[in-house]
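Just so you know, ligand 1 is whichever comes first in the structure, and atom 1 is the first atom listed for that ligand.
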Amino acid sequence: MSSRACSPVGRTLPLSNKKIQRTLLVIDVQNDFTEGGSLAVKGGNVTATAIADYVRGRRGQYALVIASRDWHSPTGDNGGHFAAKPDRVSTWPPHCVQGTTGAAYNPAIETSLIDVQIYKGDGVPAYSAFEGQTPGGATLDAVLAKERVSHIDIVGIATDHCVRATALDGLQAGYTVTVLSNLCVGVSPDSSIAAIREMSDAGIAITFSS
Ligand code: VGL
């Protein structure tokens, strides 16, 4: 018999008193996306340090801290993602090639605080972390479902590409999504503003970390 039917005074009890399970998704805070890297985003290093501080301080409020990495193949153009003359909108200079320093986390990131790592982009463009998988082959959605995660907070690089794609996919998959906008940085200011507007219009909460 359900708890609703058992209600002693005939009132409808809340359907669920489940604890909110929140996860922090740290998107692509890698050397190639921060100053000195092959696809450096201006402000990447400062953002990486701010993210690292946030993870250290707020680790306890998350069921899981998950980090994604672009992890492209050293051979071929990764499905047209790499180009000799990139437009920096849908084609890019080679970046985050598997096993290289450029694909490593920015040194500010404390890998001991990361519970799950997601790899994406092996031979293909993959902006969203939902397109990636763990080393054991589990999808991000499967990892979140196993931990009964309902809420996702997103930080990382780049606001206008991988953060945007991950946030929209998360919403589509049924999660409550928040983007901590001061802990994200984008390739271009204009497309980052457009991405923030698009995410907000879609129903993603855009907030600032305190
Ligand atoms: C990204 C451009 C190309 C990102 C990845 O991580 O946002 N941006 N590949």
Quick one: ligand 1 N/O to protein N/O pairs below 3.5 Å?
| unit_1 | atom_1 | unit_2 | atom_2 | d |
| --- | --- | --- | --- | --- |
| ligand 1 | 6 (O) | D28 | OD2 | 2.8 |
| ligand 1 | 6 (O) | I157 | O | 3.4 |
| ligand 1 | 7 (O) | A158 | N | 2.9 |
| ligand 1 | 7 (O) | C162 | N | 3.0 |
| ligand 1 | 9 (N) | D70 | OD2 | 3.4 |
| ligand 1 | 9 (N) | H81 | NE2 | 3.4 |
| ligand 1 | 9 (N) | H95 | NE2 | 3.3 |

Report the residues that fulfil side chain to side chain contact (heavy atoms under 4.5 Å, CB included) with P94, sequence neighbours left out, ordered by chain and then residue number.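 If we apply the side chain to side chain contact (heavy atoms under 4.5 Å, CB included) test to P94, skipping adjacent residues, the hits are F82.
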Do I206 and V155 share a hydrophobic cluster, counting only Ile, Leu, Val, Met, Phe, Trp and Tyr and linking them when any side-chain heavy atoms are less than 4.5 Å apart?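 Shared cluster, no.
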According to the interplanar angle, ranging from 0 to 90°, do the rings of W92 and H81 count as parallel (below 30°), tilted (30 to 60°) or perpendicular (above 60°)?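 Tilted: the ring planes of W92 and H81 meet at 30° to 60°.
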Near R59 CZ, under 6.0 Å, is it more than 12 heavy atoms from other residues, nucleotides or ligands?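 Atom CZ in R59 is packed in, count exceeds 12.
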Mind jotting down which residue pairs meet the ring pair (Phe, Tyr, Trp, His ring centres under 6.0 Å) criterion with at least one end in residues 19-65? Sequence neighbours excluded, please. F33-H95
With sequence neighbours left out, write down each residue that passes side chain to side chain donor-acceptor pair (under 3.5 Å) with E198, or none if nothing qualifies.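 Once residues adjacent in sequence are excluded, the partners of E198 under the side chain to side chain donor-acceptor pair (under 3.5 Å) criterion are R164.
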